Amino acid sequence: MGDTALARAQAPAITSARPLRAWQQAALERYEEASPKDFLVTATPGAGKTTFALTLAARLLQRREVARVIVVCPTDHLRLQWADAADRMGIVLDPGLTNAVGPVRAGTQGYVTTYAQVAGKPMLHAARATSVKTLVILDEVHHAGDGLSWGEAIEEAYGFAARRLCLTGTPFRTKPDERIPFVRYEEDGFEGDAGEAGAGLVSRADYTYGYKEALADNVVRPVVFAAYTGTSRWRNSAGEVVAASLSEAGTRSVEMQAWRTALDPKGQWVPHVIAAMDDRITHLRENGMPDAAGLILASDQDDARAYAKIVRRVTGKAPELILSDDPKASKKIERFSTGSARIAVCVRMISEGVDVPRAAVLAWMTSYRTPLFFAQAVGRVVRSRAPHESATVFLPAVRPLLSLAASMEEQRNHVMPPPKTQQGDELDLEPLPPKERAVDGVKQFEALEADARFAHVLHGGTAHTGSGSPAVVAPEDEEFLGIPGLLTAEQTAELLAKRDDELRLRIAQRAHHDDEDGGLFPVEDHPDEDDAGRSWRDAAELRREINRLVSRVSAKTSTPHAVVHTQLRQSVPGPPSASASVDVLRARRERLRTML
């Protein structure tokens, strides 16, 4: 049986457990009216892009318009997330297919890969995408613009695919000479930051679903931005001690150093905001969200480890520490998503695409402040599960972040601005400068200390300080914190300000306790998730079991592993285990058992 016939014989039935949202249905109807080769969907984080894409894939497979589905996503963890979502739809996508394995495994409708993997061997992926009619889903397609090599690889790999569906959660800007493949652009006027006009290129989505629409449809949670200021003190390269307020720093240079000092784990700004975050999580858990959780975004892994120690010191509970170089990172994300831990600390592992519906609080302790990263990170805490849920974002009271927060609800086009002819006072789009090394033994910068205090709640672009009457909010109203229509922005600010002094006392009481952890904190044993019934997981477990059985047969018969594998393939014909179907793997497992 050829590839095409085999794939068509395995076309799935749509088994989505929940009805489509109105925007998903409308986007599907628009797609089916045009039946295009390329289709770009822009939908706000948390709106349900994955469900839309897999429903479309299932329909195309059922109608025999395609025979294979390939999903390209940014990270390895998202491969697992896509494969699990596809399983629930009745589509078997292999998330473990590597560049070392040639053919797509039998018994699947396709696979999930990453942009980096495609860039490694674009011609291999091109062969897989053209051997049968294929739908290629490019998740968070702006990653194809992360560098010319990635964009070129994606174009080379999927330029001749039958269908391409591009997805993005946020508007993205791209340099004029780095157009993202398969995205349609149109000429449009663009006004630069300093007022200069020019001819810009604007990408046009085929379907757009923004934050405002999602909020109106109760698809996402409303967000309350709570800004915290404080005074930072640092020593510059001349040995001078400089002090400045986060919210009144004056120049951009001073603001950056004050911000950087506030994020230093040795100061008091970080533990104070962590305490405020923990207080908010407790409040949510006591008032309708019993599994509410929070995320802390750090600038780098060293800060993340330090913040994790502070979380344990301040809250009395160890957080989940999720780092990209940890081989258990994906399992930790999955465990945190479904578990009961209160807080997770990470760098960028959960800033994009990762689904943690119970996360409703975010502490912005990173120096990243691009519009794209900001929207993606805030998107991790806005996914709505029930009416009256809200999200809270704690952030430094600095201009770049306050400007991004104020503009979050604005509908923005995907703009590629022309090259700048002069510099204005635009938002910084890069991380803060890296920590400088000492030059000739002289430190270029040394953070000394930073305190924290509640500054204001941002609402509608206006700062509300909560400095009005102390009796503005009755105690019984506190449970409604952050839900629009029940408390005004002034009342929300009043509540946060009222609790600020309590948090400062809590920090002071815990400050004298030394954190003497050697490793970080003890690692608890967590049972692995029950993977029964998940087809791609079944295949992965079967391959591991076969390898264990081969080792036992080898030891029993004094036969090399390679010889046992060869004998096994002769007894149960088929491709190597990496490409074999579940049925073939099960047959080989039974054959090995008879050899023991």
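In what follows, every heavy atom counts, from backbone to side chain, and hydrogens, waters and symmetry copies are set aside. No experiment lies behind these values; they were computed from the predicted model shown.
The CG atom of Leu404 sits 9.5 Å away from the CG atom of Leu395 when rounded to the nearest 0.5 Å. Note: Glu32 CD to Arg63 CZ = 4.5 Å, rounded to the nearest 0.5 Å. Atom CD in Gln376 sits 9.0 Å away from atom OG1 in Thr44 (nearest 0.5 Å). Rounding to the nearest 0.5 Å gives a distance of 8.5 Å between CZ of Arg128 and NZ of Lys121. Summarising the geometry, atom CG belonging to Asn218 is positioned 10.5 Å from atom CZ belonging to Arg21; distances are rounded to the nearest 0.5 Å. One finds the CD atom of Glu334 at 6.5 Å from the NZ atom of Lys331 (value rounded to the nearest 0.5 Å).
Between Arg68 and the options Leu135, Leu61, Val132, a side chain to side chain contact (heavy atoms under 4.5 Å, CB included) holds for only Val132. The side chain to side chain contact (heavy atoms under 4.5 Å, CB included) with Val41 is formed by just one residue from the set Thr208, Leu165, Val141, Thr168; it is Leu165. Screening Arg285, Arg358, Arg385 for a salt bridge (charged side-chain N to carboxylate O under 4.0 Å, His left out) with Asp291, the sole residue that qualifies is Arg385.
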### Message
I'd like to know whether Thr113 forms a side chain to side chain contact (heavy atoms under 4.5 Å, CB included) with His125, so could you lay out the CA-CA distance, the side-chain angles of the two residues, the decisive distance to 0.1 Å, and finally the verdict.
### Response
CA-CA 10 Å; Thr113 186; His125 293 271; 3.7 Å; yes
### Task
Could you go through the side chain to side chain contact (heavy atoms under 4.5 Å, CB included) check for Met365 and Val345 one step at a time?
CA-CA 10 Å; Met365 296 186 180; Val345 183; over 6 Å; no
### Task
Evaluate the side chain to side chain contact (heavy atoms under 4.5 Å, CB included) criterion for residues Gln81 and Thr50: first the C-alpha distance (whole Å), next the side-chain angles of each, then the deciding distance (0.1 Å), finally the verdict.
CA-CA 10 Å; Gln81 193 166 291; Thr50 301; 5.6 Å; no
### Query
Is there a side chain to side chain contact (heavy atoms under 4.5 Å, CB included) between Thr55 and Met89 once you walk through the steps?
CA-CA 8 Å; Thr55 302; Met89 297 283 290; 3.3 Å; yes
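Annotation: side chain of Leu138 is in contact with side chain of Tyr115 (closest heavy-atom distance under 4.5 Å). When side chains are defined from C-beta on, Leu295 does not count as touching Cys346, because their heavy atoms never get closer than 4.5 Å. You'll find the side chain of Tyr209 reaches within 4.5 Å of the side chain of Asp217, heavy atoms only. Taking the side chain as every heavy atom from C-beta outward, Val66 and Thr134 never approach each other to under 4.5 Å. Side-chain contact check for Ile343 versus Ile296: some heavy-atom pair is nearer than 4.5 Å. Taking 4.5 Å as the limit, some side-chain heavy atom of Tyr111 sits within range of a side-chain heavy atom of Ile70.
The two residues Ala377 and Leu297 have their closest heavy-atom pair at CB-CD1, 3.4 Å. Ile322 and Ala344 make their closest contact through CD1-CB, 4.1 Å (heavy atoms, listed as atom of the first residue, atom of the second, distance). Shown here for Val219 and Gly46, the closest heavy-atom pair between the two residues is CG1-O, 3.9 Å. When all heavy atoms of Pro181 and Gly151 are compared, the pair lying nearest together is CG-O, 3.2 Å. Contact record, Pro74 with Glu140: CG-CB, 4.0 Å, taken as the closest heavy-atom pair. Residues Pro45 and Val220 approach most closely at O-CG1, 3.8 Å, considering heavy atoms.
For Trp364 and Phe225, the ring centers are positioned 6.0 Å apart or more.
Side chain of Ser337 to main chain of Ile333: a donor-acceptor pair is present (N/O by atom type, distance under 3.5 Å, no hydrogens or angles). Between the side chain of Arg105 and the backbone N or O of Leu97, no donor-acceptor pair lies under 3.5 Å. Checking side-chain atoms of Gln24 against main-chain N and O of Thr51 turns up no donor-acceptor pair under 3.5 Å. A donor-acceptor pair under 3.5 Å is formed between the side chain of Arg221 and the backbone N or O of Arg383. Judged by distance alone, with hydrogens and angles left aside, the side-chain atoms of Ser367 form no donor-acceptor pair with the main-chain N or O of Ser299 at under 3.5 Å. The closest donor-acceptor contact from the side chain of Thr75 to the backbone of Leu78 lies under 3.5 Å. Without hydrogens or angle criteria, Arg79 side chain to Cys73 main chain gives no donor-acceptor distance under 3.5 Å. Between the side chain of Asn99 and the backbone N or O of Gln117 there is at least one donor-acceptor pair closer than 3.5 Å. Although no hydrogens or angles enter the test, the distance criterion places no donor-acceptor pair under 3.5 Å between the side chain of Gln109 and the main chain of Val69. A donor-acceptor pair is defined here as one N or O able to donate and one able to accept, closer than 3.5 Å; such a pair exists between the side chain of Arg30 and the backbone of Asp206.
Ring-plane geometry between Phe52 and Trp23 is classed as tilted, the angle between the planes lying from 30 to 60 degrees on a 0 to 90 degree scale.
The pair Lys49-Asp139 does not meet the salt-bridge criterion, since no charged nitrogen lies less than 4.0 angstrom from a carboxylate oxygen.
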Using atom types as modelled, flag every donor-acceptor pair under 3.5 Å from a side chain in residues 154-162 to any protein atom, sequence neighbours excluded.
none

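Side-chain N/O atoms of Arg163 and Tyr31 include a donor and acceptor closer than 3.5 Å.
Take Trp82 and apply the ring pair (Phe, Tyr, Trp, His ring centres under 6.0 Å) test, not counting sequence neighbours, and it matches no residue. Applying the ring pair (Phe, Tyr, Trp, His ring centres under 6.0 Å) test to Tyr207 and every residue at least two apart in sequence or in another chain returns nothing.
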